[in-house]
Novice: 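First the structure, then my questions, so here it is.
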Amino acid sequence: MTLPAEVREKLAELELELSEGDITQKGYEKKRGKLLAPYIPQIQGVDPSLQIDNRIQGSSQAVLPGSKHNKSRAPNTRDERFRSDLHTEAVQAALAKYKERKMPMPSKRRSVLVQSSVEACTPPDTSSASEDEGSLRRQGRLATSTPYQGHSHPAVEHWFNRVIQGSSTSSSASSTSSHPGGRSPKVGLAFDLLIPNTPLIIDNHSTPPDVTGLSERSSLHAERSQVASVRGVSRGYNHHTSVMETADGVPVNSRVSSKIQQLLNTLKRPKRPPLREFFVDDFEELLDVQQPDPNQPKPEGLQMSPLAGEPLGVVTNWPPSLPAALQRWGTTQPKSPCLTALDNAGKPVYTLTYGKLWTRSQKLAYTLLNKLSTRNEPLLMPGDRVALVFPNNDPVMFMVAFYGCLLAELVPVPIEVPLTRKDAGSQQIGFLLGSCGVTLALTTDACQKGLPKAQTGEVATFKGWPRLLWFVIDGKHVVKPPKDWHPPIREASNDIAYIEYKTSKEGSTMGITVSHSAMLAHCHALTQACGYTEGETITNVLDFKREAGLWHGVLTSVMNRMHVISIPYSLMKVNPLSWIQKVHTYKARVAVVKSRDMHWSLLAQRDQRDISLSSLRMLIVADGANPWSISSCDAFLNVFQARGLRPEVICPCASSSEAMTVAIRRPPEMGVPPPGKAVLSMGGLSHSVIRVDTEEKLSVLTVQDVGQVMPGAVVCVVRVEGTPYLCQTDEVGEICLSSGSTGVAYYGLPGMTKSNFETIPVTSSGVPISDRPFIRTSLLGFVGPDSLVFVVGKMDGLMVVSGRRHNADDVVATALAVEPMKFVYRGRIAVFSVSVLRDERIVVVAEQRPDASEEDSFQWMSRVLQAIDSIHQVGVYCLALVPANTLPKAPLGGIHISETKQRFLEGSLHPCNVLMCPHTCVTNLPKPRQKQPGSPPDVTVQNLATTLPTVKMIVEVSKSVCVLTTQAIMKLLKSKEAAAAVDIKSWPMVLDTDDLPRKKSPQMYKPPTPEMLAYLDFSVSTTGILAGVKMSHAATSALCRSIKLQCELYPSRQIAICLDPYCGLGFALWCLCSVYSGHQSILVPPLELETNASLWLSAVSQYKVRVTFCSYSVMEMCTKGLGSQTEALRLRNVNLSCVRTCMVVAEERPRITLTQSFSKIFKDLGLSPRAVSTTFGCRVNVAICLQGTAGPDPTTVYVDMRALRHDRVRLVERGSPHSLPLMESGKILPGVKVIIANTETKGPLGDSHLGEIWVSSPHNATGYYTVYGEEALHADHFNTKLSFGDTQTVWARTGYLGFLRRTELTDASGERHDALYVVGSLDETLELRGMRYHPIDIETSVIRSHKSIAECAVFTWTNLLVVVVELEGSEQEALDLVALVTNVVLEEHYLIVGVVVVVDPGVIPINSRGEKQRMHLRDGFLADQLDPIYVAYNM
């Protein structure tokens, strides 16, 4: 049973609508189901559109013969413009050489997965290709199963399980794969199986144990594992047999780490280019420059000599200009046909005769010059530019408008019809119109109705466009000129005739001006080269608005009174054979096509037996310059030779918008040499050398000639970069052309015009070869034997990677040769390069078929990488897959490359899969620095995840005999929740401080010696380590005295403190200082700010506080919570002008950005910009620096971040590249001495070095409080001496890196003021490539890289850098971040990111001081507890 023709036509129209995006997938399926319903036996209760799929799948019932859908997947679904059997074989052979490399698959959260692979699993869209260069996909739409068929299809369940197992790191989803024999759940169920997680124990022997988060993880018997004694935990867990070892012998058990292990194994393979040894200055990290390989091929031929085409013949009776030709034919041969337009069904709708074209163009010219006016002034003057906006299926109106403008001496600027306000590239077109001063746009009635409208009903103003007046040129709007009016017909001059637009590689749009004389000369040259004769019929499939379609189908045709049959693109999509049928029907002598048109017709030709192409004397292949067009030409000839096509009539040509036609193969009757073909080595081409390939058949490029140089033109080939030296004969360069028939300039761009239109090629000795300027054609090629021109690529597609040249089209061809029909949607692949770390990096973006599973995608990606590596010897930096139909489209449906690149760089491409390979292709990193092995990191007691076990540990470690607390907390300790974590019976005696005895103690306590212990100060560091330090009575008094002096704390003062009171300086300020100094403290618990953000600042204002202390988390709460409310606070009389100093209590590098935005926001409430400063303290001394009330303001310096990595301090100017601002951490307290020492040698360091901050002071703590007698291990933290210099003083080591600077400023006592700059904690630094990095610097770069990154934390694991980013935005942006994060870290820090983890906001743990807990995060990641949105493992 065959479907009736009208149903097939309607189906084709539907598919066209779908591919153009005019209809949704759902609507498409509904309409399609309706159309097909009568022809398919119904099954009860099944949606017809799904049922069809089942029907055909089983292929037991009616298959539709005759329709194109009868093969389940036709083998020719590839984008055949890039098809070459030789190349496909080469790619498959190359892939066979590789063993399947195991690469870790990225992990996706279920929701992201569903968005990309389940919802998108609609059957593939088979409407013909939506590519300008695309191929026609007509394979079985009816034969693809969709996962929405309920349980009728067993494969669905299997598919979904596979997807889920392969793609989620959340512990719940991964349970499906970790349970042996576990039945995978159905699509709709929740995944809540609990899996036992082996606790993560890390034991390197060099450091005490780090049982991160142990108490959080459930052990097999729902009993929480309890830490009875710290020592007991330390080495008792090593008997776990299931624990895997990572690269540096760290045992670990989790899926994440097995993926990392896989990644490490992959990365152990050697890189191809070895890193050369080279000199590294102490400061400068020099990027490795790829040295040329001494064995690379070099050109050996002689210098080429310019090649001239035959002279332009003299033709008697040749019209003096194009308008004169129109006048001649319009008056002497008015009935002669000029142009036949076809509708979407291929029926001729209108034939424009030369008489009609002449009269209608005259009418339009008269109307434009005389009937359009503003304020009684004519709107247009001769020479003004006018936009022509005509759809691709209306050549008649376009031709009338074009010639109407020429007759009126106006300059037409043909552009694409803007479909939406946000078309890709539309803004650039607007820029062109603005720079050309266009105020009027001509269009048709139908087109004007279809344009987007504003609310007023007028045509909307498009983004970036000037204001335009839209004028419809249909009959009723133009007037007949009076009898005595005649258009001026002049000889062709050098005035501008028309402007053709061109989009550059970067996406900007230029207008190329063509003069009347050049237009005429080009028609003359084409007529001579193609042997055009008067009255010939020509079929044109190309866009008639620009390039070859315009030159042959609108200009030269009128010159020679030819008859053009114009085939619209929309007809080609419905019926790809239409152009061949028209050649047959009209006995056309010439056809102008692109290789894609030849390829499409091959797919459809089986239906047509009775067509003949014997009338053709010339088949002009307009994109013959694309090396991959040869396969279409050969395949087309194979099929159609039997239908009268003679091999010698295929005439490829080469052209560019600037130079117009450069070369064309002449028709056979001109007695030209036979066509040439060359099989070139791609390796040679990458060095710009022509080597005919003999041995390795794998990486070759087969090219055909594009004929001889145009009549009257001279061609030469010059070096691409630098001075335009002539190339040698076996060297590839840019083809340049000098002739009278080329474009003249880029409109309004004199600089670019000079470099492109006025090149003077020179010989090797520097002598110009001619006094005539040459035009760069942007075609890369060479002149072969018989003076034939060969083109191997275009400048637009040129990518120079590590000094070697690769062509984007060649890479596309290789990617498509890897099982494309399984995978790439309609062959839509974009290849471009981005500049990262001073080299070009190749990016491949492909649209994947809607039904591709995660594994398919990943396998295809890894095969593409291998194929490109093998064939082109170049690494791909990033391979991204996007859902079908989502890449921006060019006007004729192809991919808009520059827009795609733009979206990739700004993170708005929204890929559904990404694979980055920086490890394999970045080979120019600075050489790793050799460092002496450092001391082991300092780890004190333990780090635990939750508060209660931490409190319990402090109680145990300190051997406390009782616990003082409030009634509320006593209740909490006895609650069920608490009992689950800590056994109630194990607490010592608990006393309620709300219920103290009335009696007072008779005498005050006096410590027998000042050295006696006053209190223990316990705190958890950011690395998750709990350390308790001993504070003696002497140290406690000294601390209070020092703070009193610095801050001038008199009894009359009031001080507001908004800090946690549990440890460090917070405890001293909250509990000790006021008792010592007698002042009043206003205590604001930071927790209260969560419910009332303005509490602290209101208190400061109310009590007119001069000195106040807070933490960074408090400052952040105020900045974020009150930023927009300053006006409201002012109305409530909050005034901060009383504040002399506001200090942030911190144990880290000052956060300049936060303090600055705080000052800026509250300046409106009277806060002095000089008030805000930071303090610095640490475990060995809780108060080293404090700004105080007197003394100079804290200074800020800018240091070179690259020097810091080498422990050097180099001051630079603000704003210089790689500069990092550092603010002084307040002023060193009275009685405190600070020195900077080398961490390894313990010698003192000079100003220009970064070292460990050592401190000597009466209020240093006296040691760590431990119960195991291991003080020896950490004794040097508290009493250490310099190895040379002043070897007597006893210092404490802070564990922080920083530097001192003598300043010119003096303090109150008249002393010179030493400024201390803290760079970061030694424990937190990352040692990578022998250099020292501070996580905060990498994190700052990452946060800047995309607006949706809310927070970032980095850590290392087995020498891989892991970057965790919180995504504040839609989950579809998750994969955009992978490339941006990798780029910015490479560019600014010269580091390759190993793993990018995208998580929800709030996942990165932050302690009460507002510091990131990177180690907790690391442990959570390795134990699979983050539930990430996406995890990318960079190769």
Side-chain angles (χ1 to χ4, degrees), residues 951-971 973 987-1019 1027-1057 1059-1083 1085 1107 1109 1177 1179-1183 1186 1229-1232 1257-1267 1271 1278-1279 1292:
V951 172
K952 181 72 172 67
M953 276 188 76
I954 294 174
V955 169
E956 285 184 356
V957 171
S958 63
K959 297 237 175 105
S960 298
V961 290
C962 81
V963 175
L964 297 179
T965 186
T966 61
Q967 241 164 12
I969 292 175
M970 274 177 86
K971 268 190 195 146
L973 290 179
W987 291 105
M989 173 170 50
V990 181
L991 296 179
D992 172 5
T993 54
D994 295 343
D995 185 26
L996 291 172
R998 298 258 179 274
K999 267 195 347 203
K1000 280 188 182 159
S1001 170
Q1003 79 251 28
M1004 293 295 284
Y1005 169 75
K1006 284 251 173 28
T1009 65
E1011 281 68 48
M1012 192 154 163
L1013 199 56
Y1015 68 97
L1016 288 181
D1017 185 337
F1018 275 93
S1019 148
V1029 296
K1030 299 185 283 198
M1031 285 294 284
S1032 67
H1033 284 274
T1036 306
S1037 314
L1039 173 66
C1040 294
R1041 184 185 315 114
S1042 196
I1043 294 174
K1044 175 181 176 177
L1045 285 171
Q1046 189 82 323
C1047 300
E1048 302 177 354
L1049 301 179
Y1050 311 124
S1052 57
R1053 282 282 154 80
Q1054 284 171 330
I1055 287 177
I1057 301 167
L1059 287 170
D1060 277 332
Y1062 308 115
C1063 58
L1065 186 54
F1067 168 76
L1069 291 167
W1070 190 285
C1071 301
L1072 308 175
C1073 287
S1074 56
V1075 174
Y1076 183 91
S1077 308
H1079 62 75
Q1080 181 190 358
S1081 294
I1082 294 142
L1083 305 177
V1107 176
F1109 294 89
R1179 290 287 68 206
V1180 298
N1181 184 325
V1182 297
L1186 224 116
L1229 279 170
V1232 176
S1257 138
H1259 63 254
N1260 276 6
T1262 45
Y1264 286 123
Y1265 183 85
T1266 50
V1267 282
E1271 282 97 339
F1278 293 89
N1279 44 30

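This structure is a prediction, so every number in the text was calculated from the model and none was measured.
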Novice: Where the side chain of R1179 meets the backbone of A1027, is there a donor-acceptor pair that is under 3.5 Å apart?
Specialist: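 Side chain of R1179 to backbone of A1027, a donor-acceptor pair under 3.5 Å: yes, one is there.
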Novice: Check whether T993 reaches the backbone of T965 with its side chain - one donor and one acceptor, N or O, closer than 3.5 Å.
Specialist: yes
Novice: Any heavy-atom pair between the side chains of P988 and V955 that's under 4.5 Å?
Specialist: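 When only atoms from C-beta onward are counted, P988 and V955 do touch, with a gap below 4.5 Å.
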Novice: Applying side-chain contact (heavy atoms from CB on, under 4.5 Å) to V951 and W987, what does each step give before you reach the verdict?
Specialist: CA-CA 10 Å; V951 172; W987 291 105; 4.0 Å; yes
Novice: Could you state the interatomic distance from OG (S1019) to CZ (F1067), rounded to the nearest 0.5 Å?
Specialist: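 S1019 atom OG to F1067 atom CZ measures 13.0 Å (nearest 0.5 Å).
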Novice: Could you state the interatomic distance from CD1 (I954) to CG (L1016), rounded to the nearest 0.5 Å?
Specialist: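 Going from CD1 on I954 over to CG on L1016, the span is 10.0 Å.
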Novice: What are the two closest heavy atoms between R1053 and E1048, and how far apart are they?
Specialist: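 Closest heavy-atom pair between R1053 and E1048: NH1-O, 2.6 Å.
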Novice: Do I1043 and L1049 come within less than 4.5 Å of each other through their side chains, counting heavy atoms only?
Specialist: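 When only atoms from C-beta onward are counted, L1049 and I1043 do touch, with a gap below 4.5 Å.
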Novice: In the structure I gave you, are the side-chain heavy atoms of P1230 and Q1046 within less than 4.5 Å of one another anywhere?
Specialist: yes
Novice: For the residue pair A1035 and H1259, what are the closest heavy atoms and their distance?
Specialist: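 Between these two residues, the closest heavy atoms are O-CB, 3.3 Å.
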Novice: Just wondering, do I1055 and I1082 contact through their side chains at under 4.5 Å, heavy atoms?
Specialist: no
Novice: Run the salt-bridge test on D1017 and K1030 with the 4.0 Å N-O cut-off and return the result as yes or no.
Specialist: no
Novice: side-chain contact (heavy atoms from CB on, under 4.5 Å), that's the test. Do S1081 and F1109 meet it? Break it down for me.
Specialist: CA-CA 11 Å; S1081 294; F1109 294 89; over 6 Å; no
Novice: Which heavy atom in L1039 sits nearest to a heavy atom in A1068, and how many Å separate them?
Specialist: CD2-CB, 3.7 Å
Novice: Might you point out which heavy atoms bring V1075 and C1071 nearest each other, and give the distance in Å?
Specialist: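 Shortest heavy-atom contact: CG2-O, 3.6 Å.
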Novice: Determine the minimum heavy-atom distance between E1011 and S1032, stating which atoms define it.
Specialist: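 Scanning both residues, the minimum pair turns out to be O-CB, 3.5 Å.
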Novice: Could you measure the distance from the NZ atom of K971 to the CG atom of D992? Nearest 0.5 Å is fine.
Specialist: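 One gets 10.0 Å once the value is rounded to the nearest 0.5 Å.
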Novice: Does the side chain of L1065 reach to within under 4.5 Å of the side chain of L1186, using non-hydrogen atoms?
Specialist: yes
Novice: Quick one: NZ on K952 to CG on L973, what's the gap to the nearest 0.5 Å?
Specialist: 11.0 Å
Novice: Could you check whether any side-chain heavy atom of L991 comes within less than 4.5 Å of a side-chain heavy atom of M989, counting everything from C-beta outward?
Specialist: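 Of all side-chain heavy-atom pairs linking M989 with L991, at least one is under 4.5 Å.
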Novice: Hey, what do you get for CE (M953) to OG (S958), rounding to the nearest 0.5 Å?
Specialist: 10.5 Å
Novice: Tell me the closest heavy-atom pair linking D994 and Q967, and the distance in Å.
Specialist: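 The answer is OD2-N, 3.3 Å.
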Novice: Using modelled atom types and a 3.5 Å cut-off, is there a donor and acceptor pairing between side-chain atoms of S1074 and backbone atoms of W1070?
Specialist: no
Novice: Distance check, rounded to the nearest 0.5 Å: F1018 atom CZ versus Y1265 atom OH?
Specialist: 7.5 Å
Novice: Output, in order, the C-alpha distance, side-chain angles, deciding distance and verdict of side-chain contact (heavy atoms from CB on, under 4.5 Å) for C1073 and H1079.
Specialist: CA-CA 8 Å; C1073 287; H1079 62 75; 4.2 Å; yes
Novice: Pair F1278, N1260 - check side-chain contact (heavy atoms from CB on, under 4.5 Å), show working.
Specialist: CA-CA 8 Å; F1278 293 89; N1260 276 6; 5.9 Å; no
